[in-house]
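Only one structure is covered here, and it is reproduced in the block below.
Every chain is numbered from 1, with letters handed out A, B, ... down the list of sequences. Values reported hereafter were calculated over all heavy atoms of this structure, with side chains retained and with hydrogens, waters and symmetry mates removed.
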Amino acid sequence: MIVKFEKTDSFLHRLNPVAKFSVLLSYGLIVFLAGSLPLELACIGCVFLLERIAGSRQISAFVLSRFMVTFVAVILVMQILMTRSGTVVGSIPFYFTRLDITSEGIDNGLLISMRFLSVVILGALFIAVTNPADFVYSLMRIGVPYRFGFMIILAMRLAAVFEQELKTLTNAQKMRGLHIDQSGARTLLLCLRSTVVPLIVCALSRVDDLVVSMEGRAFGCRKTRTFVAPKTWTLVDKTLLVASSAMALLVLLNLVLCPHFPPHLLPRM
Amino acid sequence: MRFGLFRKKNEQNPVLTKSSTEDFPNVFPALSIRDLTFSFPGRNRPALQNISLEIEPGQFTLVTGPSGSGKSALALAMAGYIPHVVEGTMSGGVLIGNTSTSQCPLSALAVTVSLCRQDPEAQICTLTVEDEVRFGPENLALAVKEIVRREKDCLEAVDCLRLKGRQTPNLSGGEKQRVAIASMLAMAPRVLILDEPTSNLDPEAARQVLTAIEKLRCDEKLTLIVIEHRLSPLLSVADRMVVLDRGEIRLDGKPKDVYPAYRALLDSRCAFGGKEALPALKTTDNAPIVLQVRNLFFRRENTEVLRSISADVRQGEFIGIIGANGSGKTTFLECLAGLNRPDCGDVTVCGLNTRRTRVSTIARHIGFVFQNPNHQIFENTVADEVGFASKNFGLDPERTAKVSKKVLAEMGLEPYEKFHPLRLSHGEKRRLNLCSVLAHGPEILMLDEPFIGQDAYNSAQIMAAALRFNREGHTVLMISHDIGMVFDYCTRIMLFDAGSLLVDADPRTARAKIQELGKSSFLPEDK
């Protein structure tokens, strides 16, 4: 399941992309540094609430997707099985030995898997409610050099083109008898060899055309450029930016000044 | 109506300094090429040789010539990309006003000369129509008000105001081409060069682009230089026609005088050896069915691309498939080749149902030539490229070598046997594609837009090869926007419209039906 930007007009969609990105960064920092399961669960709950506000169903579908369920389960199980410290709460027979399950293993497993889940789903929500081009233009408007910004815009523009070209290449190979649908190292090598060269040739010819197109429109001739697309900062955007930055700063200061506070909030079993 | 698209007479060019502005006075000629010679690195023959040309302001110049004659190199030189971007050896020069392009930075030239290239897909660099048109003026750091004005005027000039708000990847070919032209116009150039602006477009989209060009000429008195192979729609509107051949100017004058001489030049090199090509095979109703399509439906990303298509194709038929960009022609061929599995209905190829058969098995019966020649070149030498499919199908290497030699000789590519395929010209690559799908002895040949970017000589060579294959008793299905070629040689015409097979009949009946449907842009011009 791939999360994509959905064009609607919810409160979250209307927020300035930079303000949303600032919240995403602060949230990630807080989630990683706090080390508290109740906090992680609260954050996950918040994301689902925001999903409802955005009028999207992508996040719920993403969380329930096979990829996410498997990934979270693997993190949980690996932590439970690999952590040796803590009180032993049970054991699993494994060949000639036994694998002990400890309370700390369970704590760590739950904490890390929920941490992963909460960061990934907020990232997914950010993607679902933010037009990628608007985000890049907003970054350029606040001072990110426009040459870098346009690298991202071009990458987004060309991703679809290259995807289409790769499909055509694969089709052309199939029509010339290459058994792409068969497995095996030899077939894989042959397919790779027959894909990489034409794809590079096509990419290079596109680069030539793009250079002509961009240089022909004075790209890079000035240090700054005009941005017409209006992306204003409302009071809500500014408040979000300040609040999220302050929260992140507080967590960082807390980590530097009082590294042992807050204590581990996870209830011991 | 003149809509103030370009700078007012005394308006300062925002990019040029005062002194350089004075270097571009509005005096004759608009563009002057003096004894220009240019060679690409590693090439023995110069791409351009002793070119001298003076183009007056407001003149509409049509530049044509066979493939590889140096037309695109000339366009790059006129727009200043040679020598600023494209490497090579250059002598002589191009002057705009009294300033040489080689002494003027490209960014300064950008507001004087604009070049719009053949493939709009490759030159659109942003994600929305507005961003694309604003891109140039924004780079010039113009005032927002001025950018918005230019955006509106330029989109209006190419009749694309209704496209505002659309995502560029979702535009049709014709729309992309017009947006690309609008984005170049937004630079307010004095000279606009269009390199094969209609080559990728269906007849209707091509007509729209040509109408936009004509409108620019009438309303803006812009100096227009159009490089084209499709000449007939432009002959009546161009002031001047220049024919390039092997890097030199062969003919130059009024289109009515130059065109007959150019036709004679092409006829003297005709692939059919100066004779009319042999017609396609006449099939009978008793010929075996090689392709059977029953109630075919195909969806892509929740959009119905093909709906309710049924057709039988008999051995020896030569079918021309026509229709607008995005009408489902290529998807239809891909379904026939098993590359797309039907959502509903069945496709049978030489008795093999495409639902239950591997593509690589079906491919043994089909030779499929895709649109872009570079997408189907996989080997390091021309000979290996031709033998690629036969090797994959496990055919006898001796027989493969013999057949490869034969098809290469038929296509005039024998001297290049040991060359790397990417060293060939566009036309030669296209012929190589044809060789490489014929060598394994398929029963059906499928050609997807084989004439794009090909001059009359190369197009005739490709057509001759397809007709030769057909006369051996094989079946050919060909998608083409070259309506004249389709009606001249195909024995059956299929017209697609929005995923439906609107017309499926012999040329005479198809002509009447298309006329009746009011789709006259899909009818050949009267000779």
Side-chain angles (χ1 to χ4, degrees), chain A residues 7 131-134 136-137 146 150 153-154 156-161 164-165 167-182 190 193-195 197-199 201-202 205-230, chain B residues 15 76 79 81 84-85 105-107 110-111 114-115 117 119 121-128 130-131 134-144 147-148 151 168-169 180 183-184 187 334 337 339 358-360 363-364 366 368 370 372 374-378 388-389 392-393 422 436-437 440:
Chain A
K7 200 176 177 182
N131 183 335
D134 279 354
V136 180
Y137 279 115
Y146 72 86
F150 271 98
I153 298 268
L154 274 179
M156 289 191 287
R157 165 80 188 96
L158 291 179
V161 176
Q164 186 57 42
E165 289 200 334
K167 193 180 160 230
T168 313
L169 275 172
T170 316
N171 283 345
Q173 289 167 358
K174 285 180 183 171
M175 291 313 295
R176 303 268 299 278
L178 209 57
H179 296 262
I180 289 170
D181 38 8
Q182 274 184 359
L190 200 60
R193 190 174 72 92
S194 316
T195 304
V197 174
L199 202 61
V201 171
C202 291
S205 73
R206 293 239 177 256
V207 168
D208 272 355
D209 283 343
L210 269 175
V211 167
V212 169
S213 166
M214 293 175 81
E215 294 251 4
R217 286 184 285 164
F219 182 75
C221 78
R222 288 181 174 240
K223 275 190 178 167
T224 55
R225 75 194 290 277
T226 312
F227 290 99
V228 173
Chain B
V15 156
L76 289 169
Y81 295 100
H84 288 294
V85 175
L106 204 54
S107 52
V111 290
S114 279
L115 168 62
R117 299 193 79 188
D119 181 8
E121 186 76 78
Q123 53 194 321
I124 290 177
C125 51
T126 60
L127 299 167
T128 66
E130 300 95 294
D131 285 344
R134 289 171 194 158
F135 182 78
E138 282 182 335
N139 289 333
L140 297 174
L142 299 184
V144 170
I147 296 174
V148 173
E151 176 197 321
T168 48
S183 66
M184 288 301 173
M187 297 301 289
E334 286 173 354
L339 293 167
R358 277 195 176 154
V359 177
S360 41
R364 181 70 187 84
I366 296 174
F368 199 126
F370 291 82
N372 185 338
N374 292 328
H375 284 150
Q376 41 206 320
I377 288 177
F378 307 119
F388 181 77
N392 291 332
F393 290 127
L422 296 177
S436 59
V437 303
H440 69 273

Taking [Y]'s backbone N and O only, do any of them form a donor-acceptor pair with [X]'s side chain (distance below 3.5 Å, no angle check)?
X: Thr226(A); Y: Ala143(B); answer: no
X: Gln123(B); Y: Val212(A); answer: no
X: Tyr81(B); Y: Gly216(A); answer: yes

Are side-chain heavy atoms of [X] and [Y] found at a separation under 4.5 Å?
X: Arg157(A); Y: Glu121(B); answer: yes
X: Leu169(A); Y: Phe370(B); answer: no
X: Arg117(B); Y: Ser213(A); answer: no
X: Phe378(B); Y: Leu178(A); answer: no

Just jot down the ring-ring contact (aromatic ring centres under 6.0 Å, His included) partners of Phe219(A), sequence neighbours excluded, or say none.
-> Tyr146(A), Phe150(A), Phe135(B)
Between [options], the one whose heavy-atom pairs under 4.5 Å with chain A are most numerous:
options: Thr126(B), Thr128(B), Asn392(B), Asn139(B); result: Asn139(B)
options: Val144(B), Leu76(B), Leu339(B); result: Leu339(B)
options: Gln376(B), Arg364(B), Glu130(B); result: Gln376(B)

Flag the one option from Val207(A), Val161(A), Thr168(A) with the top tally of heavy-atom pairs under 4.5 Å to chain B.
-> Thr168(A)
What part of Lys167(A) gets closer than 4.5 Å to chain B, counting heavy atoms only: side chain, backbone, both or neither?
-> side chain
